Chemist: 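Below is a structure I'd like to ask you about.
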Amino acid sequence: SHRLDEIFELCDTTTVLKDGKHVWTGPTSELTRHSLVALMVGREVGQLYPERGAIPATGAALRVEGLMPKPEMPATSFELRRGEILGLAGLEGQGQRDIIRAIAGLHVPVAGTCVKHNADGASRALPGNVVGVVKAGIGFVPEDRKTEGLYLPLSIEENIGLGMLRRSSLVTPSRIDRARLVSLIRDMNIRARDEHQAVSALSGGNQQKVMIGRWLASGADVLLVEEPTRGVDVGAKAEIYRLLREFADNGGAVLLTSSELTEHLGLCDRLLIVRRGGVVADLAASESSEELVMRYALLGHGVADAAA
């Protein structure tokens, strides 16, 4: 399991394997979350999640107004700011996936508008299709990387290099900058024989980094991410969190969904709690708790609301 809580809740004995080799076996009661992570990663991990940005996020990167992805869903409005990681949290299947995919242009919403704001002050309404969304500088990282995100038979270089072709047209064709591409692969710590290795031969964590790397190479400044670390080991999780945080710190903006509440609380700056397709709360992640988020997700109101 990649879910550490399951290990402590269900297992009497735990075995840790790393790079195909046996590392440790013993009673789970002898482990803490910190010591288990250290065994899995092969080094001490002081903090799985990077520190949140020192500079408060300001200025809209994306404005969503009255978005109704499906007929039975309520209209949703919110703002994604530059420099922040914003999570769509709540119980699974409450509409988070529909919201993020409507923004990504994978299906046409019933109503509403999405406006992309560039750092230079220019803005444009998204056209409701994937091509237009990508050309606007928005990248989409799908939940299922193998069937929706990656070209598995192609190499690391080819998969990431596709991002450099984002602005291509018949009039102004783009070219793949190999030097920059190789540098990006190195900086992302993608573990492979070389950049020519097929993506199908990589671990889940390295495949996920390739998918994110495509959008880093493209120059996109907004990322829409479904399940950023599903099927990924703890070491790769920490690296993916670092990549997303660095992207936001450099002026990008990230909107994500995750089925792991601890991931929302540890990684995000702000949480929108989604219940029955609508946003019922807007919370600062650093001031939230699992109990508070679950109260909104289950009841539609928080502690203060319940007391009143």
Side-chain angles (χ1 to χ4, degrees), residues 1-19 22-52 85-97 100 141-145 203-209 212 225-245 254 256-275 280-281 283-299 302-303:
S1 176
H2 289 116
R3 299 173 185 267
L4 298 190
D5 290 341
E6 288 182 349
I7 302 296
F8 291 101
E9 291 172 4
L10 301 176
C11 300
D12 302 299
T13 303
T14 297
T15 291
V16 178
L17 303 175
K18 177 175 170 56
D19 298 329
H22 177 265
V23 174
W24 186 86
T25 295
T28 307
S29 59
E30 294 182 4
L31 293 169
T32 64
R33 187 182 181 93
H34 181 86
S35 63
L36 178 56
V37 169
L39 288 168
M40 295 171 71
V41 177
R43 64 182 186 276
E44 288 293 317
V45 178
Q47 189 175 10
L48 185 61
Y49 300 101
E51 291 186 10
R52 291 183 172 91
I85 300 177
L86 175 62
L88 295 175
L91 301 176
E92 286 194 70
Q94 292 295 300
Q96 303 95 311
R97 191 172 187 268
I100 205 167
V141 179
E143 174 182 345
D144 190 338
R145 56 181 168 267
S203 67
N206 285 300
Q207 287 182 345
Q208 193 75 356
K209 285 189 277 187
I212 294 172
V225 186
E226 292 180 334
E227 300 293 343
T229 61
R230 174 163 287 179
V232 167
D233 67 52
V234 174
K237 281 187 177 186
E239 293 176 341
I240 290 168
Y241 297 151
R242 174 184 62 82
L243 290 171
L244 294 177
R245 176 53 63 188
V254 181
L256 65 83
T257 66
S258 174
S259 56
E260 296 188 38
L261 182 51
T262 53
E263 190 164 76
H264 273 299
L265 292 170
L267 178 62
C268 296
D269 299 291
R270 193 162 53 98
L271 301 176
L272 300 178
I273 314 303
V274 181
R275 182 174 184 266
V280 295
L283 308 174
S286 61
E287 300 172 3
S288 301
S289 64
E290 293 190 32
E291 179 184 358
L292 179 61
V293 172
M294 288 304 295
R295 185 180 290 273
Y296 275 112
L298 291 168
L299 305 176
V303 177

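Worth saying up front: this structure is predicted, and the values here are computed from it rather than measured.
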Chemist: Here's a test for you: under side chain to side chain contact (heavy atoms under 4.5 Å, CB included), which of Leu267, Ile100, Leu88 qualifies with Leu256?
Modeler: Leu267
Chemist: Applying the side chain to side chain contact (heavy atoms under 4.5 Å, CB included) criterion to Pro228, which one of Val254, Val141, Leu243, Leu244 satisfies it?
Modeler: Leu244
Chemist: What closest approach, in Å, do Ser288 and Val293 show between heavy atoms, and which atom pair accounts for it?
Modeler: CB-CG2, 4.4 Å
Chemist: What residues form a side chain to side chain donor-acceptor pair (under 3.5 Å) with Thr32, not counting sequence neighbours?
Modeler: Ser35
Chemist: How far apart are the closest heavy atoms of Tyr49 and Gly266, and which atoms are they?
Modeler: CB-O, 3.4 Å
Chemist: Got a second to check how far Glu287's CD is from Arg270's CZ, nearest 0.5 Å?
Modeler: 12.5 Å
Chemist: Listed by chain and number, what are the side-chain contact (heavy atoms from CB on, under 4.5 Å) partners of Arg245, not counting sequence neighbours?
Modeler: Pro50, Arg52, Ile85, Ala248, Asp249, Asp269
Chemist: Taking all heavy atoms of Ala285 and all of Cys268, pick out the closest pair and write down the distance.
Modeler: CB-O, 3.1 Å
Chemist: Look up atom CG in Leu31 and atom CG in Leu4, then write down how far apart they are to the nearest 0.5 Å.
Modeler: 10.5 Å
Chemist: Excluding sequence neighbours, so at least two apart, what forms side-chain contact (heavy atoms from CB on, under 4.5 Å) with Glu9?
Modeler: Asp5
Chemist: Can you tell me how far the CD1 atom of Ile212 sits from the CD atom of Glu239, to the nearest 0.5 Å?
Modeler: 11.0 Å
Chemist: Thr28: what forms a side chain to side chain donor-acceptor pair (under 3.5 Å) with it, not counting sequence neighbours?
Modeler: Thr14
Chemist: Could you measure the distance from the CG atom of Leu86 to the CG atom of Leu271? Nearest 0.5 Å is fine.
Modeler: 7.5 Å
Chemist: State, to 0.1 Å, how close Leu261 and Met294 come at their nearest heavy-atom pair, and which atoms those are.
Modeler: CD2-CG, 4.0 Å
Chemist: Quick one: NZ on Lys209 to OG on Ser203, what's the gap to the nearest 0.5 Å?
Modeler: 7.0 Å
Chemist: Between CZ of Arg275 and CG of Leu299, what distance do you get to the nearest 0.5 Å?
Modeler: 7.0 Å
Chemist: In chain order, what residues pass the side chain to side chain donor-acceptor pair (under 3.5 Å) check against Glu263, with sequence neighbours excluded?
Modeler: Thr229, Tyr241, Ser258
Chemist: Can you check whether Arg230's main-chain N or O pairs, donor with acceptor, with Arg145's side chain at less than 3.5 Å?
Modeler: yes
Chemist: Take Glu290 and Thr262 through the test side-chain hydrogen bond (donor to acceptor under 3.5 Å, both in side chains) and record every step on the way to the result.
Modeler: CA-CA 7 Å; Glu290 293 190 32; Thr262 53; 5.7 Å; no
Chemist: Could I get the full list of side chain to side chain donor-acceptor pair (under 3.5 Å) partners for Ser29, not counting sequence neighbours?
Modeler: none
